[in-house]
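Okay, so here's the structure we're looking at.
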Number of protein chains: 2
Amino acid sequence: MGRNKKYQQVDVIEKMTDLFIQKGYTAASLDDLVKVTGMLRGSLYSAFGSKQKMFILALQNCLKNSQTSDKTLGMIVISMMELSNKSEQIKQIIKDWYKKNKGQFIENLIGSYLIKKAKISGDGI
Amino acid sequence: MGRNKKYQQVDVIEKMTDLFIQKGYTAASLDDLVKVTGMLRGSLYSAFGSKQKMFILALQNCLKNSQTSDKTLGMIVISMMELSNKSEQIKQIIKDWYKKNKGQFIENLIGSYLIKKAKISGDGI
DNA sequence: ACTATTTTTGACTAATTAGTCAAAAATAAA
DNA sequence: TTTATTTTTGACTAATTAGTCAAAAATAGT
């Protein structure tokens with residue numbers, strides 16, 4: 001009952017994830033989120049509640065996948081840089097993730113991801 | 001000739017650096033910079049020109065120091081996350097830095113810094 | 001004292017920010 | 001058709017953003 005959803009949560013969250021990874025959390029504006037998702041502000045807030053909740057859903061969606069993809073690393077690094085000191089929930093999420101993944105050269109993986117992302121390696125990779 | 005400087009560039013840049021590392025580039029506002037430096041907006045712009053130029057001076061000041069301190073890593077990581085795709089100059093600076101430091105477990109150092117900064121290691125370090 | 005030069009001051013602007021809300025649209029059950 | 005429920009719409013707000021600028025203050029040479 002009620003109006004049918006025009007947008008599917010999963011698709012919307014995927015698009016949000018790409019934006020967050022591209023711009024970072026703070027620099028990704030609501031206008032940007034409107035643009036990439038196709039939803040309007042009211043719908044976004046009605047569906048997700050706040051920008052931080054959008055990010056958390058995007059982060060959790062990434063972590064469902066057990067392998068440490070670049071997408072996951074992207075969201076983890078943004079969490080560490082911009083959100084771990086603002087949200088206890090996010091801090092706990094990445095704490096749990098680190099517990100599960102430490103001892104697997106994860107520090108090295110994080111560093112390598114950043115160098116690749118910044119495109120400073122010289123060999124174009 | 002002319003009015004004496006009330007604030008010394010070196011001190012101001014040090015304070016800016018601490019702010020950028022604490023908040024990140026985007027999240028560090030001009031109001032924040034006014035607060036930590038003691039200078040007013042007009043003085044800051046008269047002395048530095050723009051927020052990005054303030055950041056570049058802070059970054060270059062860190063890199064003068066040949067050792068890779070946490071302060072340096074902080075500025076480097078912010079550059080990679082928030083600025084390497086916005087400023088060719090900054091990209092070049094961190095490209096040069098990486099050239100000088102690669103092969104010294106620098107990826108590991110970067111990852112370890114982030115984990116320490118986010119305080120997710122479990123052992124409180 | 002006067003002039004030239006530099007630095008500081010803080011009010012100002014135009015743009016952007018996250019978030020709100022009442023109304024409209026869409027649906028299914030009664 | 002009416003009613004209850006859900007989703008979408010987009011204009012709106014209050015706060016914050018980076019950056020500007022004319023005026024005042026401070027200094028040193030003439």
Side-chain angles (χ1 to χ4, degrees), chain A residues 1-59 75 78-79 81-83 85-87 89-90, chain B residues 1-59 75 78-79 81-83 85-87 89-90:
Chain A
M1 199 169 166
R3 183 170 176 169
N4 289 341
K5 285 195 182 193
K6 186 174 170 187
Y7 306 94
Q8 296 311 307
Q9 292 255 16
V10 193
D11 307 336
V12 170
I13 287 172
E14 288 286 342
K15 283 167 186 166
M16 285 175 170
T17 305
D18 293 341
L19 177 71
F20 282 132
I21 289 172
Q22 195 209 13
K23 291 215 168 189
Y25 176 76
T26 309
S29 71
L30 252 295
D31 278 352
D32 290 332
L33 287 161
V34 165
K35 237 173 268 168
V36 301
T37 63
M39 295 174 76
L40 295 182
R41 310 171 84 72
S43 297
L44 284 173
Y45 276 89
S46 162
F48 299 105
S50 71
K51 188 184 170 187
Q52 199 168 101
K53 282 179 184 166
M54 297 177 209
F55 184 88
I56 289 173
L57 282 178
L59 177 61
M75 291 298 285
I78 292 169
S79 300
M81 289 287 292
E82 302 187 58
L83 289 157
N85 56 351
K86 279 188 189 168
S87 158
Q89 187 185 357
I90 294 178
Chain B
M1 203 171 164
R3 183 170 174 169
N4 288 342
K5 286 194 181 196
K6 187 172 168 187
Y7 306 94
Q8 296 310 306
Q9 292 255 16
V10 193
D11 307 337
V12 169
I13 287 173
E14 288 286 343
K15 284 167 184 167
M16 286 176 171
T17 305
D18 294 341
L19 176 71
F20 283 131
I21 290 172
Q22 194 208 16
K23 291 216 169 187
Y25 176 76
T26 309
S29 70
L30 253 295
D31 277 352
D32 290 332
L33 287 162
V34 165
K35 237 173 268 167
V36 301
T37 61
M39 293 174 78
L40 295 181
R41 309 172 85 74
S43 297
L44 283 173
Y45 276 89
S46 162
F48 299 104
S50 72
K51 188 184 171 187
Q52 199 170 101
K53 283 178 184 167
M54 297 176 210
F55 183 89
I56 289 173
L57 283 178
L59 176 62
M75 292 297 286
I78 292 169
S79 300
M81 290 287 291
E82 303 187 59
L83 290 157
N85 57 352
K86 280 188 189 167
S87 158
Q89 188 186 357
I90 294 178

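Below, chains carry the letters A, B, ... as their sequence lines are ordered, and counting in each starts from 1.
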Whole-Å gap separating P (D:dG19) and CE (B:Met39): 15 Å

Criterion side chain to side chain contact (heavy atoms under 4.5 Å, CB included) on B:Leu59 and B:Ile90, from CA distance to verdict: CA-CA 9 Å; B:Leu59 176 62; B:Ile90 294 178; 4.2 Å; yes

For B:Gly2 and for A:Gly38, find the nucleotide of DNA chain D with the closest heavy atom, then tell me which residue's nucleotide is more 5'. A:Gly38

Let's see if you can work this out: which of D:dT27, C:dT8, D:dT8 has an atom nearest to the side-chain heavy atoms of B:Ser43? C:dT8

Distance in Å, A:Leu40 CG paired with A:Ser46 OG, rounded so as to fall on 0.5 Å steps: 12.0 Å

List the steps and the verdict of side chain to side chain contact (heavy atoms under 4.5 Å, CB included) for A:Ser79 and A:Tyr25. CA-CA 8 Å; A:Ser79 300; A:Tyr25 176 76; over 6 Å; no

Under a 3.5 Å cut-off for both contacts, is D:dA22 paired Watson-Crick or G-U wobble with anything, and if yes, with which nucleotide? C:dT9

Please pick, from D:dA18, C:dA18, D:dT7, the nucleotide with the shortest atom-to-atom distance to any side-chain atom of B:Leu30. D:dA18

Could you tell me whether the phosphate oxygens of C:dT17, OP1 or OP2, come under 4.0 Å of any side-chain nitrogen or oxygen in A:Lys51? no

Going through the checks in order, is the side chain to side chain contact (heavy atoms under 4.5 Å, CB included) test met by B:Asp32 and B:Phe20? CA-CA 10 Å; B:Asp32 290 332; B:Phe20 283 131; over 6 Å; no

Base, sugar-phosphate alone, or nothing: which one does A:Ala28 contact when heavy atoms must sit under 4.0 Å apart? sugar-phosphate

Taking OH from A:Tyr25 and P from C:dT17, how many angstroms apart are they, rounded to a whole number? 13 Å

Nearest-nucleotide pick for A:Arg41, side chain only, options being C:dT27, D:dA18, C:dA18: C:dA18

Taking A:Gly24's backbone N and O only, do any of them form a donor-acceptor pair with B:Glu82's side chain (distance below 3.5 Å, no angle check)? no

Counting any heavy atom closer than 4.0 Å, what does A:Ser46 reach on the DNA or RNA strands: base, sugar-phosphate only, or nothing? base

B:Arg3 has a side chain; which of C:dG19, C:dT9, C:dT7 sits nearest to it? C:dT7

Can you see if the side chain of A:Tyr45 gets near the phosphate of C:dG19 - specifically, an N or O under 4.0 Å from OP1 or OP2? yes

Starting at NZ of B:Lys6 and ending at P of D:dT27, how long is that distance when rounded to a whole Å? 12 Å

Measuring from the side chain of A:Met1 (C-beta onward, heavy atoms only), which nucleotide among C:dA18, D:dT9, D:dT5 has the closest atom? D:dT5

Look at the side chain of B:Leu40 and decide which nucleotide, out of D:dA18, D:dT8, C:dG10, has an atom nearest to it. C:dG10

Nearest-angstrom distance from the residue atom OH of A:Tyr7 to P of C:dA26: 13 Å

Taking for each residue the nucleotide of DNA chain D with the nearest heavy atom, is it A:Asn4 or B:Thr26 whose nucleotide lies nearer the 5' end? A:Asn4

Which of these nucleotides, C:dT17, D:dT27, C:dA18, is closest to any side-chain atom of A:Asp31? C:dT17

